[in-house]
2 protein chains.
Amino acid sequence: MPSHQDRDEIPPGTLDMLILQTVTRRGESHGFEIAEAIQRASTDVLQVEEGSLYPALQRLLIKGWLVGEWGRTAENRRARYYTITAAGRKQLAHEVESYHRVAHAIGAILRPV
Amino acid sequence: MPSHQDRDEIPPGTLDMLILQTVTRRGESHGFEIAEAIQRASTDVLQVEEGSLYPALQRLLIKGWLVGEWGRTAENRRARYYTITAAGRKQLAHEVESYHRVAHAIGAILRPV
DNA sequence: TGGCATGACATAGAGAGTCTATGTCACGGC
DNA sequence: GCCGTGACATAGACTCTCTATGTCATGCCA
């Protein structure tokens with residue numbers, strides 16, 4: 001039977017980018033939704049643990065890249081809904097650009113002439 | 001004038017893979033050569049600091065993925081020459097495969113339908 | 001011959017970021 | 001009225017890269 005632990009870890013430094021991107025695409029979302037969306041969009045390759053998710057969301061709030069607002073889910077649970085800010089959009093653009101530049105450089109090393 | 005600090009950092013977790021790949025391509029190499037080769041192959045996007053390089057080489061020695069042998073450079077400086085082992089080749093293959101799987105997943109999130 | 005820049009390796013400590021494990025709290029079904 | 005569950009939260013361990021510093025021998029050059 002296949003291992004139940006065959007998911008990869010989120011590469012350090014990329015979680016913030018993935019969260020910002022997910023909130024940008026989905027609009028206002030709460031933590032659980034964001035984590036699920038990342039896992040789904042990665043076809044189950046990446047799984048965001050709660051112990052990584054919530055500290056990351058705090059960072060993004062503190063830096064002003066997200067704003068949070070307490071609300072209620074469809075099942076009437078309390079939840080914090082996050083929205084991206086203008087600064088967050090700018091930051092996301094920077095991170096995506098940097099990510100692609102680095103990924104391209106690594107690709108050049110892995111696939112030498 | 002352009003900033004002289006516009007290089008990106010090596011993403012945590014990828015340095016070992018880049019070193020193994022570089023030693024595989026170049027054959028027997030010493031530390032300085034490896035760092036320079038990575039920087040060149042990345043078209044100067046990535047720079048390996050000595051404080052990252054030597055601990056990484058120690059890790060790879062301890063894990064048995066590289067073997068090291070003291071020798072002399074062309075300029076008669078002492079240097080440690082590293083060669084990849086069979087286990088190192090296997091490990092490199094694993095890391096490259098995992099890297100591509102994760103990169104693909106992240107790409108899917110960044111470029112949504 | 002004596003100082004000194006340099007090549008090459010090495011280590012200590014800081015800082016960032018993810019993970020595991022655990023805890024809290026309120027809703028709502030039974 | 002209890003308890004599973006959704007959702008948020010924190011503490012601590014661990015990994016890894018960086019900055020800063022140190023060592024040591026070679027060979028140039030005054």
Side-chain angles (χ1 to χ4, degrees), chain A residues 4-5 7-20 28-39 42 45-63 65-66 68-82 95 98-99 102 106, chain B residues 4-5 7-20 28-39 42 45-63 65-66 68-82 95 98-99 102 106:
Chain A
H4 37 36
Q5 216 314 55
R7 286 193 193 81
D8 298 277
E9 299 189 348
I10 306 271
T14 60
L15 179 54
D16 292 13
M17 176 179 73
L18 296 178
I19 290 175
L20 290 177
E28 197 174 60
S29 313
H30 67 262
F32 249 57
E33 287 175 338
I34 296 171
E36 285 175 358
I38 290 176
Q39 185 167 341
S42 74
V45 173
L46 304 175
Q47 180 167 18
V48 184
E49 302 300 331
E50 297 188 65
S52 313
L53 175 68
Y54 292 109
L57 289 170
Q58 311 265 25
R59 287 198 295 274
L60 298 174
L61 284 181
I62 289 171
K63 292 183 176 164
W65 296 335
L66 292 180
E69 192 176 354
W70 285 99
R72 294 261 149 194
T73 69
E75 299 90 10
N76 199 29
R77 303 269 177 190
R78 89 199 167 97
R80 210 164 177 181
Y81 284 87
Y82 297 92
E95 290 191 16
S98 169
Y99 174 80
V102 170
I106 291 177
Chain B
H4 39 35
Q5 218 313 54
R7 287 193 192 81
D8 298 277
E9 299 188 348
I10 307 270
T14 59
L15 179 55
D16 292 14
M17 176 179 73
L18 296 178
I19 291 175
L20 291 177
E28 197 175 60
S29 313
H30 67 261
F32 249 58
E33 287 175 340
I34 296 172
E36 286 175 357
I38 290 177
Q39 185 167 342
S42 74
V45 173
L46 304 175
Q47 179 167 17
V48 185
E49 302 300 331
E50 296 188 65
S52 313
L53 175 67
Y54 292 108
L57 288 169
Q58 311 264 24
R59 287 199 295 273
L60 298 174
L61 284 181
I62 289 171
K63 292 184 176 164
W65 296 335
L66 292 181
E69 193 176 354
W70 285 100
R72 293 261 149 197
T73 70
E75 299 91 8
N76 199 28
R77 303 270 177 189
R78 90 200 166 93
R80 212 165 175 180
Y81 284 88
Y82 297 92
E95 291 191 16
S98 169
Y99 174 81
V102 170
I106 291 177

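Below, each value reflects all heavy atoms present in this structure, side chains not excepted, and no hydrogens, waters or symmetry copies.
Contacts of residues 10-18 of chain A with DNA chain D (heavy atom under 4.0 Å): none.
Across C:dC9, D:dA9, D:dA7, the shortest atom-to-atom separation from the side chain of A:A79 is found for D:dA7.
Look at CH2 on A:W70: it is 8 Å from C1' on D:dA7, rounded to the nearest Å. Straight-line distance from the CZ atom of A:R80 to the C1' atom of D:dT10: 14 Å, rounded to whole Å. For B:H30 and C:dA10, the NE2 to C1' distance is 15 Å, given to the nearest whole Å. Atoms CG (A:D8) and P (C:dT18) sit 15 Å apart, rounded to a whole Å. Between the OH atom of B:Y82 and the P atom of C:dC9 there is a distance of 6 Å, rounded to whole Å. As rounded to whole Å, 15 Å separates atom P of D:dT5 from atom CD of A:E36. Rounded to whole angstrom, the span from the CD1 atom of A:I19 across to the P atom of C:dG17 amounts to 12 Å. B:E49 places its CD atom 17 Å from the P atom of C:dA16, with the value rounded to the nearest Å.
Shown here are the ring pair (Phe, Tyr, Trp, His ring centres under 6.0 Å) partners of B:Y81, two or more places apart in sequence or in another chain: B:H30. With sequence neighbours excluded, the residues that form a side chain to side chain contact (heavy atoms under 4.5 Å, CB included) with A:P11 are A:T14, B:V102, B:I106. A:E28 pairs by the side chain to side chain donor-acceptor pair (under 3.5 Å) definition with nothing, not counting sequence neighbours. Annotation: side chain to side chain donor-acceptor pair (under 3.5 Å) contacts of A:S29 (sequence neighbours excluded): A:R26. In this structure, B:E36 has no side chain to side chain donor-acceptor pair (under 3.5 Å) partners at least two apart in sequence or on a different chain. Partners of B:R59 under the side chain to side chain donor-acceptor pair (under 3.5 Å) rule, at least two apart in sequence or in another chain, are B:D16.
You won't find any donor-acceptor pair under 3.5 Å spanning the side chain of A:E9 and the base of C:dC19, going by distance alone.
Phosphate contact (OP1/OP2 of D:dC18, side-chain N/O of B:Q47, threshold under 4.0 Å): absent. Here B:T73 does not reach the OP1 or OP2 of C:dG7: none of its side-chain N or O atoms lies under 4.0 Å away.
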Protein proximity profile, nucleotides 24-29 of chain D - base contact B, sugar-phosphate-only contact S, no contact -, cut-off 4.0 Å on heavy atoms: -BBS--

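Residue A:Y81 is the one, among A:Y81 and B:R59, whose nearest nucleotide of DNA chain D lies closer to the 5' end (criterion: closest heavy atom).
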Throw together a table of side-chain donor-acceptor distances under 3.5 angstrom for residues 46-54 of chain B, partners on residues two or more places apart or in other chains.
residue, atom, partner, partner atom, Å
B:Q47, OE1, B:R7, NH1, 3.0

